[in-house]
Protein chains: 2
Amino acid sequence: MQIKKYTDYGLRTLIYLATLPKGRLATINEICAAYEIPRNHLNKVIHQLGKEGFIITRRGKNGGFQLAAEPAEIRLDHVIRRLEGDTPWVNCHSPVCVIEPACELKHILAAGKRVFYDYLASYTLHSLLHKRNELEQIFSTREF
Amino acid sequence: MQIKKYTDYGLRTLIYLATLPKGRLATINEICAAYEIPRNHLNKVIHQLGKEGFIITRRGKNGGFQLAAEPAEIRLDHVIRRLEGDTPWVNCHSPVCVIEPACELKHILAAGKRVFYDYLASYTLHSLLHKRNELEQIFSTREF
DNA sequence: TAAGTACATGCTTTAATAATGCATCTTAAT
DNA sequence: ATTAAGATGCATTATTAAAGCATGTACTTA
Ligand code: SF4
Ligand code: SF4
């Protein structure tokens with residue numbers, strides 16, 4: 001019961017982008033240097049962030065990516081649902097559970113999952129920037 | 001992002017026990033036959049359920065286990081927290097995350113986790129017995 | 001228009017963890 | 001004693017996430 005690094009890397013990317021001046025593009029190399037995370041994995045995350053419309057990517061020389069919307073418009077539940085994958089939190093098939101037709105548990109867990117995401121829906125990328133100055137300072141000591 | 005089979009097996013065990021007449025002991029073999037799940041894994045689950053005080057186990061011939069309390073007294077959040085392990089839903093260490101001191105995200109996720117378990121706290125084992133008759137029928141067609 | 005740089009895409013390999021298997025011990029009833 | 005039950009610890013397998021690698025495609029700029 002833990003979100004994937006994949007998902008966290010995506011959130012870290014959004015946080016990084018949010019600290020940049022508007023219009024400024026970041027690159028994959030820049031992000032994985034800042035966070036000391038592997039380029040190959042981040043590569044896939046960035047790609048999905050683009051597909052899902054959270055960032056705008058640009059190929060080629062001087063390419064990179066930036067936020068596709070204001071931080072306050074990017075909801076955490078949306079981001080996490082997409083990156084994490086929105087499957088049930090209990091697997092009642094494969095293999096099939098014999099009490100499935102009579103089981104209330106799966107409905108309760110599904111409702112719990114909804115409650116979790118509903119809570120996250122009250123936060124946006126903007127909510128993650130309270131310590132923006134500290135974040136910028138951390139990043140500034142890592143770039144060159 | 002999914003609960004372990006281990007946890008689900010524990011919940012299934014409690015459901016099974018709740019359908020039995022009070023005082024009647026069940027055995028590991030009985031449960032794994034009913035659900036068609038491996039004995040070795042269930043073994044560990046049962047053991048923990050006993051350690052945590054959800055069931056009372058008895059060794060030796062004619063041994064087995066039964067619920068340690070009324071179904072309405074056994075809260076789902078307690079059971080799942082214990083069986084699932086109550087660690088944070090995001091791992092900010094190992095490897096260490098460079099923005100950890102300035103990061104709000106982990107607090108939000110921790111709060112989301114609390115919201116999830118708070119929701120589960122409104123349900124008990126009793127809540128899982130609405131279709132008790134169906135459950136008993138399913139089990140009765142599997143024992144011998 | 002050639003060279004270079006950045007994301008896109010697909011496949012492979014490794015690492016981490018859950019799930020399962022197995023052997024043996026301990027306890028209790030008969 | 002024998003038998004049947006859970007307790008305990010270690011080994012193995014299966015699943016999934018994470019990371020690596022190779023190459024393709026788009027775009028910029030000299
Ligand atoms: S017990 Fe309920 S929740 Fe668990 S696998 Fe069976 S049907 Fe799904
Ligand atoms: S970004 Fe925040 S939540 Fe994610 S690993 Fe770093 S400190 Fe933890």
Side-chain angles (χ1 to χ4, degrees), chain A residues 1-10 12-13 17 24-33 35-68 80 83-85 87-91 93-95 97, chain B residues 1-10 12-13 17 24-33 35-68 80 83-85 87-91 93-95 97:
Chain A
M1 205 63 165
Q2 191 169 90
I3 68 167
K4 294 182 287 188
K5 286 189 182 180
Y6 181 91
T7 302
D8 187 60
Y9 289 172
R12 292 199 212 180
T13 297
L17 292 176
R24 157 85 178 281
L25 298 189
T27 67
I28 294 178
N29 283 328
E30 191 178 335
I31 308 261
C32 62
Y35 286 113
E36 299 173 354
I37 57 181
R39 199 204 128 90
N40 291 303
H41 203 193
L42 185 61
N43 191 348
K44 290 152 186 130
V45 179
I46 301 289
H47 177 55
Q48 186 179 354
L49 284 175
K51 266 200 319 183
E52 306 286 358
F54 296 117
I55 63 178
I56 294 168
T57 64
R58 220 178 80 196
R59 289 182 173 194
K61 197 166 183 178
N62 299 327
F65 41 88
Q66 58 186 310
L67 292 178
I80 297 179
L83 295 184
E84 191 62 25
T87 52
W89 284 0
V90 64
N91 178 2
H93 318 286
S94 67
C97 174
Chain B
M1 205 65 166
Q2 190 168 91
I3 68 167
K4 295 182 288 188
K5 285 188 182 180
Y6 181 91
T7 302
D8 187 60
Y9 288 171
R12 292 199 213 180
T13 297
L17 292 176
R24 157 86 179 283
L25 298 187
T27 67
I28 295 178
N29 282 328
E30 191 178 333
I31 308 262
C32 62
Y35 286 113
E36 299 174 354
I37 58 182
R39 200 206 125 91
N40 292 303
H41 204 194
L42 187 60
N43 191 348
K44 290 155 183 125
V45 179
I46 301 288
H47 177 55
Q48 185 178 355
L49 284 175
K51 266 200 318 184
E52 306 286 358
F54 296 117
I55 63 177
I56 295 169
T57 64
R58 221 178 80 197
R59 288 183 171 193
K61 197 165 182 178
N62 297 329
F65 40 87
Q66 58 185 309
L67 292 178
I80 296 179
L83 296 184
E84 191 62 24
T87 52
W89 283 1
V90 64
N91 178 2
H93 317 286
S94 68
C97 174

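Lettering of chains follows the sequences in order, A, B, ..., and the numbering in each one begins at 1.
- Atom P of nucleotide C:dA19 and atom CD1 of B:Ile37 are separated by 11 Å, given to the nearest angstrom.
- For B:Asp8 and B:Lys4, the salt-bridge test fails: no basic side-chain N is under 4.0 Å from an acidic carboxylate O.
- Proximity of A:Asn91 to B:Lys5: side-chain heavy atoms (C-beta onward) are nowhere separated by under 4.5 Å.
- The residue among A:Asn40 and A:Lys61 whose nearest nucleotide of DNA chain D lies closer to the 5′ end is A:Asn40.
- Between A:Tyr9 and D:dA17, a side-chain N or O to OP1/OP2 separation shorter than 4.0 Å is absent.
- As a whole-Å value, the separation of B:Gln2 CD from D:dA14 P is 19 Å.
- Nucleotide C:dA6 holds its P atom 7 Å from the CG atom of A:Asn29, rounded to whole Å.
- Side-chain contact between B:Thr13 and B:Tyr35: absent, with no pair of heavy atoms (C-beta onward) separated by less than 4.5 Å.
- B:Pro38 places a side-chain heavy atom less than 4.5 Å from the side chain of B:Tyr9.
- Atom NE2 in A:His41 sits about 15 Å away from atom P in D:dC21, given to the nearest Å.
- Within the 4.5 Å cutoff, the side chain of A:Arg12 has heavy atoms near those of the B:Cys97 side chain.
- To the nearest angstrom, P of D:dA18 lies 10 Å from CG of A:Asp8.
- For the pair B:Glu30 CD and D:dA4 P, the computed distance is 16 Å after rounding to whole Å.
- Pairs of residues two or more places apart, or lying in two chains, that qualify as side chain to side chain donor-acceptor pair (under 3.5 Å) and include a residue from residues 45-54 of chain A are A:Tyr6-A:Gln48, A:Gln48-A:Glu52.
- Taking only side-chain atoms of A:Tyr6, from C-beta outward, the nucleotide of D:dA18, C:dC7, D:dT29 with the closest atom is D:dA18.
- Counting to the nearest Å, the P atom of D:dA18 and the CD atom of A:Glu84 are 8 Å from each other.
- Between B:Gln2 and A:Val90 there is no side-chain heavy-atom pair separated by less than 4.5 Å.
- The separation between A:Glu36 atom CD and D:dA19 atom C1' is 17 Å, rounded to whole Å.
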For this session: Heavy atoms under 4.0 Å is the rule here; annotate nucleotides 8-16 of chain C 5' to 3' with B where the base is hit, S where only the sugar-phosphate is, and - elsewhere.
Result: SB-B-----
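- Among the nucleotides C:dA19, C:dG21, C:dC7, the one closest to any side-chain atom of B:Pro38 is C:dG21.
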